[in-house]
Structure formats: structure tokens, C-alpha cells
Amino acid sequence: MARRSYASFGNADYGIWYRFAAVLVKPVTTALVKPEWRGWENFPEEGGFLTVVNHNSVIDPVVYAHFQYNSGRPPRILGKSSLFKVPFIGFMLRKTGQIPVYRDSTDAAQAFRAAISAIDNGQVVQFYPEGTITRDPQLWPMTGKSGAARVALMTGAPVIPVAHWGAHEIVPPYGKGLGGRPAKVSLFPRKKVVVAAGPPVDLSRFQGKELTSQVLREATGEIMDAITAVLAEIRGEQPPAERFDLRQAARKKNAERGAANEEAAVEAAERDEESDR
């Protein structure tokens, strides 16, 4: 896809620090990635909106930021607050207007207020609805958290699903490739990475409703379905019928661990009984 002219977006605000960050980061991604950008025509040319993105590699934010920057609408990305404490990286994140997410603290709501304010001011705010890198064995999107849906319904702003595929071949998630097979970081030769934006998610049936847990859960499901559909088109594959649920997987693992511990305790007791005879 041809690069869109920045001039077509009258409200684009790059600023000296954003441009400086691009000068530093873009050569790195260009050296590692053969990019294929798709779907910029789905971005509104003015006004604030959200992008919701899948997550399958630690370098996803860098690749996505390159894609979004080149579209002519610079992103404000929600990132872990710990990143803002890293020397230089934290400095650049603050200077470019990125939004820290404080988990499990009294400051957790600040990110949502900042996101809503940015969107109301005509900016682009990016969310990773999964909250972390996917644990799905085939790297399909997991179930999502409700933050993006909440902000979308509170602002009424368009929600654009974005999917990328290929960065996991450079830096695999948790050191594992597809199906959980061991994999190593592979910087060269350059890997093809596709990033594509789909049409806005239709959340109209939820507008005006009270933001109950049920409404947010259903709206989040629509968002994750849209991201998965874009990824399925990139991959040319059929996604699984049931989305991987991290909480359910954790509960199952804990139950299995508990059962294993109980079985081990019984076996130990039986051995003790045998030794007493």
C-alpha cells in the first residue's frame, strides 16, 4: 500500500520528540522487517479513535508504532508503567505522550482517563485488549479485557481492529514458536511482517446501554472477533472455534496441580504405611 500523505491529516501532531523517536526506531525496524502495511483507508481522517491490536511478540509495539506512524495518525500507546522507569525509554515514552498503565494500584484508572481525554482531543489511542502476549498455542488472539470496550462506549469513538503477523518469527513469545516448540531469536535474514487494519467494529447495539459486566463482556467479544477476522485473513487460516481463555487455563492448571499434590500425598502416606509394617 502506498504511504498516505501526512498533509491529509490536518490534526496530526508529531512534535519534535515523536519525530526524533521515529528517526531512532524506524531504521531498526526497517533492518529487521520486510513490512507489508494494509488497511490505512479504514482509519478516520479526522477525530479521535481507538485501535485494538493482537499481541504475539515482545517487539509488537515497535512494529505497530511504525505502521501507525506511517499512516499519518501517530498513536498514543498504553504501556506497562514499569517501562516508564527504564532509563531513556521512559523519557521518550513520556515525551511522545504515551500512556502508562498502573496495574493493581489506586492509579489504575488514570490510564482510562488519559485515553478518553486523548480521544476527545482527536488523537489515536492503541489498546492490546488481551493485556499480554497471547498464550494460545497457535498464536491466535485470546479472550480480551474490557478496557478498550469501556473507553469505546464511553467516547462513542470508532474502534479499528488491527492485526499483525510475522514479528513472532523474529522474537518468539516466551521463547516458543507455534505449538509451543522451542524457538530462538532470529534477527536475520529480514522477516516479512504484515500489519493490517480492518473496518470499524460495529458496537452500535451497545450504545446508550448501562456499562454492566455483561455489556462490556459482549462488546469485548465483538472486538476480539474483529481482530481475529483480520488476522485470519492475513494468515489465510481458519481460527479456532473457541478462543483461548487465560483465566480458565490458569484455573485448570491449578486444579491439576492440586490433584497431583493430593495424589502425591496419598502415595507418600501409603509408602509410610508400608514401611511401618
Side-chain angles (χ1 to χ4, degrees), residues 1 3-4 29 32-44 49-79 124-149 151-152 157-174 176-179 190-203 219-246:
M1 174 183 291
R3 174 171 166 166
R4 299 178 72 176
T29 55
L32 299 177
V33 169
K34 295 178 180 177
E36 183 177 322
W37 306 148
R38 306 177 187 171
W40 285 337
E41 69 276 5
N42 291 306
F43 290 154
F49 63 94
L50 296 75
T51 59
V52 286
V53 191
N54 70 312
H55 201 0
N56 53 39
S57 172
V58 70
I59 65 170
D60 287 345
V62 176
V63 176
Y64 161 79
H66 190 165
F67 163 81
Q68 186 69 50
Y69 182 93
N70 275 23
S71 77
R73 300 295 305 268
R76 294 189 66 182
I77 299 174
L78 277 77
V124 182
V125 177
Q126 180 262 345
F127 287 79
Y128 285 115
E130 296 164 277
T132 187
I133 294 174
T134 183
R135 261 71 164 187
D136 182 272
Q138 298 300 317
L139 305 185
W140 291 99
M142 303 186 294
T143 53
K145 299 181 182 296
S146 64
V151 171
V159 180
I160 307 299
V162 177
H164 44 52
W165 186 246
H168 64 285
E169 294 184 353
I170 303 170
V171 181
Y174 310 108
K176 297 180 179 179
L178 288 176
R190 290 196 306 161
K191 308 297 188 297
K192 177 182 176 181
V193 177
V194 180
V195 186
V201 184
D202 184 5
L203 299 179
T220 300
E222 296 284 351
I223 287 172
M224 299 311 301
D225 285 347
I227 298 172
T228 303
V230 177
L231 182 59
E233 183 176 353
I234 293 174
R235 294 174 60 169
E237 300 173 5
Q238 187 70 23
E242 186 173 347
R243 189 169 290 118
F244 185 88
D245 189 317
L246 188 57

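As a basis for the values below, the full set of heavy atoms in this structure was taken, side chains included, without hydrogen atoms, waters or symmetry mates.
- Taking 4.5 Å as the limit, some side-chain heavy atom of Arg38 sits within range of a side-chain heavy atom of Val194.
- The distance from atom CZ of Phe43 to atom OG1 of Thr51, rounded to the nearest 0.5 Å, is 6.5 Å.
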Stepwise side chain to side chain contact (heavy atoms under 4.5 Å, CB included) check, Arg135 with Tyr174: CA-CA 9 Å; Arg135 261 71 164 187; Tyr174 310 108; 2.4 Å; yes

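- Between Val159 and Phe49 the shortest side-chain heavy-atom distance does not fall below 4.5 Å.
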Verdict with reasoning, Val52 to Val162, per side chain to side chain contact (heavy atoms under 4.5 Å, CB included): CA-CA 6 Å; Val52 286; Val162 177; over 6 Å; no

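- A donor-acceptor pair is defined here as one N or O able to donate and one able to accept, closer than 3.5 Å; no such pair exists between the side chain of Arg76 and the backbone of Val125.
- Here the closest non-hydrogen pair linking Ile234 and Ala196 is CD1-CB, 3.8 Å.
- With sequence neighbours left out, Tyr128 forms a ring-ring contact (aromatic ring centres under 6.0 Å, His included) with His55.
- Panel note: side chain Arg73, backbone Pro44; a donor-acceptor pair is recorded below 3.5 Å.
- Here the CZ atom belonging to Phe67 is positioned 13.0 Å from the CG atom belonging to Asp60, to the nearest 0.5 angstrom.
- When every heavy atom of Ala197 is checked against every heavy atom of Asn42, the shortest pair comes out as O-ND2, 2.9 Å.
- A donor-acceptor pair is defined here as one N or O able to donate and one able to accept, closer than 3.5 Å; such a pair exists between the side chain of Asn54 and the backbone of His164.
- Among all heavy-atom pairs drawn from Pro75 and Tyr69, the shortest one is CD-N, 4.2 Å.
- We find the NE2-OG distance between His66 and Ser71 to be 11.0 Å, quoted to the nearest 0.5 Å.
- Take Arg235 and apply the salt bridge (charged side-chain N to carboxylate O under 4.0 Å, His left out) test, not counting sequence neighbours, and it matches Glu237.
- Residues Trp40 and Asn70 meet the side-chain proximity criterion, which asks for heavy atoms closer than 4.5 Å.
- His168 and Ser57 form no side-chain donor-acceptor contact under 3.5 Å, judged by distance and modelled atom types alone.
- Taking every heavy atom of both residues into account, Thr143 and Leu246 meet most closely at OG1-N, 4.1 Å.
- At distances below 3.5 Å, not a single donor-acceptor pair connects side-chain atoms of Tyr64 with backbone N or O atoms of Gln126.
- What you find for Pro141 and Met224 is that their closest heavy atoms are CB-CE, 3.8 Å.
- Expressed to the nearest 0.5 Å, how far CD of Glu222 lies from CG of Asp202 amounts to 7.5 Å.
- Of the charged side-chain nitrogens involved, none lies within less than 4.0 Å of a carboxylate oxygen, so that Glu36 and Lys34 do not count as a salt-bridged pair.
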Stepwise salt bridge (charged side-chain N to carboxylate O under 4.0 Å, His left out) test for Asp136 and Arg243: CA-CA 8 Å; Asp136 182 272; Arg243 189 169 290 118; over 6 Å; no

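- Pro74 and Val124 get closest at one heavy-atom pair: O-CB, 3.8 Å.
- The backbone N or O of Trp140 sits less than 3.5 Å from a side-chain atom of Thr134, completing a donor-acceptor pair.
- Annotation: salt bridge (charged side-chain N to carboxylate O under 4.0 Å, His left out) contacts of Asp245 (sequence neighbours excluded): none.
- Of the inter-residue distances, the one linking Gln238 atom CD with Thr228 atom OG1 reads 11.0 Å to the nearest 0.5 angstrom.
- In the displayed structure, Glu233 atom CD is contacted under 6.0 Å by at most 12 heavy atoms of other residues, nucleotides or ligands.
- The distance from the CD1 atom of Ile160 to the CD atom of Gln68 is 9.5 Å, given to the nearest 0.5 Å.
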